[in-house]
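Beneath this line is the structure, given in C-alpha cells, with notes to follow.
Just so we're on the same page: letters track the sequence lines, and every chain starts at 1.
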There are 2 protein chains.
Amino acid sequence: MASESVPITAVAELAGVSVATVSRVINNSKPVNAETREKVEAAVAQLGYRANAIGRILRKSETRMLLVLVPDFANPYYAEIVQGVESVTRDRGYHLLLADAPQRWERGATALDALHNRLADGVICLAHIDPESELHKEIAPLPWVACSEVMPGSKVPHVSIDHHQAAVDAVQYLLNRGHQRIALITAEEEFLWAQQRRQGYLDAMARAGIAVDPRWIQTARKADYADGHMAAGALLSLAALPTAVFAVSDTLAIGAIKAFRRAGRQVPQDIAVVGFDNLPLSEVFEPALTTVAQPMRELGAQATRLLLARLAGETPASLTLAHSLVVRESA
Amino acid sequence: MASESVPITAVAELAGVSVATVSRVINNSKPVNAETREKVEAAVAQLGYRANAIGRILRKSETRMLLVLVPDFANPYYAEIVQGVESVTRDRGYHLLLADAPQRWERGATALDALHNRLADGVICLAHIDPESELHKEIAPLPWVACSEVMPGSKVPHVSIDHHQAAVDAVQYLLNRGHQRIALITAEEEFLWAQQRRQGYLDAMARAGIAVDPRWIQTARKADYADGHMAAGALLSLAALPTAVFAVSDTLAIGAIKAFRRAGRQVPQDIAVVGFDNLPLSEVFEPALTTVAQPMRELGAQATRLLLARLAGETPASLTLAHSLVVRESA
DNA sequence: GTGAAAGCGCTAACAG
DNA sequence: CTGTTAGCGCTTTCAC
C-alpha cells in the first residue's frame, strides 16, 4: 500500500518475530514454522513490504546488475544486441545498467565508475577498445566480456561472428554467379571487423585465382550513405566497371547503389551489390539488398551468458556464432 | 591498482586519519587541513580506492539511478529517446537502468521491482500505460514521468509533441498543394497518438470544408510495411483514387507507396504520400519521404529534466515540444 | 525453529 | 579541523 519505505524491522514487529525470521521467510532460505510463516506473510502483505535491494546488496556484495557499454544507442545493430542481453538478464533476475561508450574516453568520470564503485557485477562491452587506451587499462582487471568487437590478442572472453568467413561467403556467392571483376567498398579499419572483412574479400579472390586491381578497393572514411556514394563514384570512373561490389555495410551498399543508378547503371543487371548487416532498411530498399545477416540478439544473449558464467567462477570459452547470407534482389 | 575492493577504513588507516576525514576529502563536504588532505589523497591513490557506491546509497538513500521503461529497444524511435535521456543523466551524474516494458505485464516479477526495491529514484516511461492496468496501479504512487506517450486524464507530468497539431500541419500541407481527396492510413488506436493524429486529419479536412468519404480512412492492425501495403490496396480499389494520403507512420507510408507503384501509380505525381516519424529510412527510400519529424532526443532529455525536477521536490509542468514537417519528394 | 547480534561501507551528527 | 559513534536495511553466523 504505502509508497513509503517500510523496513524489515516494521514487518518483524508487526508479525511479532525477529528480523531474521522475516528474512528467512522472504528468501525461503531456511525452514520456518508454517504458523510463523503465515504471520510474517500477513504482515508483509499488510505493510506492502518490499525488501530494500540496497541493504541486501551491501550485505551480500552482489548487485545483480550488469553494465552494458554501447557505442551508439541509436544504431539498430547495437539496439538489437542489447535486446538479446536484456532477454537473458531478465530471466536471471539481473538488471541492466546502460552507458554510452564515448569515442574519446575522459579520464576519471567514466562510465566504468559504476563498476569501479561496485554498482555492477560485470561489463558487456559492445564498443571497440584500443588495447593501448586508457579505457583498456581501466577495464582490463574487471570482470568483462566483449560482444561483437573482438580484441586481437586479448584473452578476454568474447562472442562474435566470423567476419572473415562471412566476407568469403559473400564474395564466393558473387564468384559463383560468374562475377570476376568484384570490387570492395570498405571502411577505415579502426574497427577490427572492417579489417577482417577486407581480408576475407582478398582471400576469396585469391583462392579464385583472380588478381585484384587495387583500384577495385575503395576505402571510405566512415560507413554512411554518402561514403558509399563517393566510393561508387570512384568505381564508375574506371575504364572497366566492375560487375559486382561487396560493401562491408548495408549503408555503404545503398549509397553505392544510388550512385550507380544515378549514372544510369542497373542493379543488379549492370552491377551486382552485396551488403553486410541486414539492416531493417535493406529489405525495404529497392532493389532489396542481398546481404550478410548477423544474429544480433543471439550475440547479446550469449555474451551475457558468458559473463554470467565468468562471474560464477567458470572460465567459459569464447564463442563464434553463425552468420548467413540473405539473398534478395541486389545481387 | 588492486581490483579488490578496498574499504574506506583501509585508506583511513594508511593515511593515519579517521574514516570521517577520508569521507570529507573525497566528497569535499567539509574543510580539511591541506596537509591532512594530501595524506589522504596519497593513500587513496596508493590503494586505488574508489568509494563503494552501495554503502553511500544505503546511507543517503538516494541511488542516483533512473529507470527507463522501453516498449521496444530495437525501435529506433525509442532508441533515440533513450539517447536523449542518457545525455542528461550523464551530465547530472545519474546512471541509467533499462528495462523492457512488456506488452502483457505479469504481476509480481515486473521491471518496476527495481523501483519498489529502491534501486532507482524514479521512472521515465516510454510505454503506453492503460489507466486500468495492473501496471498503472503499480506505477501510480511512484515518482515517474511519461515520455512521448501521454495518458489522457492522468496528472502525471509528461513531455510529447502535439500529435493533433502535427497531423493538422501534414494535412494542411497537402491541402495547400491543391489536394482535396486526401486519404488517411492509420493504426489501431491503443496508442493515444494514433487517435490524436486521426483527429487532426479529421479536423483539418473539416476546416477545409471537405467531406471525408469514410472509405478514405483505412485502419491497419499494426504499423508495419505489410499493413501499409494492404491499406493502399483498399484505396486502390476505389472508383476515384484519392490524390494524396496521410499515413500516421513512415512504415505505413512506405508500404503504401510500394503498393501504389506496383499498381502502376507514380508517387507523388499520381498520388502524394506524407508519413510520420522521419525514420532514418525515410530519407534513403525512393522517393524520399515527406514526413513529420519529432525531436526524439529532446523528448528524452526534457522528460529526464522533468523527472529530476520532480525528485527535487518541484512540481514541473508538462511540456509540449515542437514538431516539424520535412518536405522531400513523396508529397 | 527462532532470536540476538555482528557487520557489509559509507555519511553525518555530535563532541572536542 | 578532526575523531567517535550511530545507523541506513539487510543476511548470516552463533546460540539457544
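Base contact: B:L58 has a heavy atom under 4.0 Å from a base atom. The residue A:T36 sits close only to the backbone: its heavy atoms come under 4.0 Å of sugar-phosphate atoms, none of a base. Counting any heavy atom pair closer than 4.0 Å across all strands shown, A:A53 reaches no nucleic acid atom.
Of the candidates B:L308, B:V159, B:L306, B:L306 is the only one forming a side-chain contact (heavy atoms from CB on, under 4.5 Å) with B:P316.
In this structure, the CG atom of B:N117 is 12 Å from the C1' atom of D:dG9, given to the nearest Å. Following rounding to the nearest Å, A:E62 (CD) and D:dC10 (P) show an atom-to-atom distance of 17 Å. If you measure from atom NZ of B:K39 to atom C1' of D:dG3, you get 13 Å, rounded to the nearest angstrom. Computed from coordinates, the A:I8 CD1 to D:dG9 P distance equals 11 Å when rounded to whole Å. If you measure from atom NZ of A:K30 to atom P of D:dT13, you get 7 Å, rounded to the nearest angstrom. Summarising the geometry, the separation between CZ on A:R56 and P on C:dG7 is reported as 22 Å, rounded to the nearest angstrom. Regarding A:R50, its CZ atom lies at a distance of 13 Å from the P atom of D:dC10, rounded to whole Å. The CG atom of A:L119 sits 12 Å away from the P atom of C:dC10 (whole-angstrom rounding).
Side-chain atoms of B:R24 come within donor-acceptor range of the base of D:dG3, with a qualifying N/O pair under 3.5 Å.
By the 4.0 Å N-to-carboxylate-O rule, B:E41 lies too far from B:K39 to be salt-bridged with it.
In this structure, A:W193 and A:H163 have tilted ring planes: the angle between them lies in the 30° to 60° band.
The backbone N or O of A:V17 sits nowhere less than 3.5 Å from a side-chain atom of A:T21 that would complete a donor-acceptor pair.
By the neighbour-count criterion of 12 heavy atoms within 6.0 Å, atom CD of A:E38 is sparsely surrounded, having that number or fewer from other residues, nucleotides or ligands.
Nearest nucleotide to the side chain of A:S23, out of C:dG3, C:dC10, D:dT12: D:dT12. When each of D:dT2, C:dT2, C:dC10 is scored by its nearest atom to the side-chain atoms of A:T21, the top-ranked nucleotide is C:dT2. Side chain of A:A20, nearest nucleotide from D:dT4, C:dA4, D:dC10: C:dA4. If you check D:dG3, D:dG9, C:dA4 against the side chain of A:S18, the one that comes closest is C:dA4. Closest contact between the side chain of B:P7 and the listed nucleotides C:dG9, D:dG3, C:dG3 involves C:dG9. Listed nucleotides C:dC10, D:dG3, C:dG1 differ in distance to A:N33; the shortest reach to its side chain belongs to C:dG1.
Across the interface with DNA chain D, nearest-nucleotide mapping of B:S61 and B:R37 shows B:R37 to be the residue nearer the 5′ end.
In this structure, B:N52 does not reach the C:dC8 phosphate: none of its side-chain N or O atoms is under 4.0 Å from OP1 or OP2. A close approach under 4.0 Å does not occur between any side-chain nitrogen or oxygen of A:S29 and OP1 or OP2 of D:dT12.
Expressed to the nearest 0.5 Å, how far CG of B:L98 lies from CG of A:L96 amounts to 6.0 Å.
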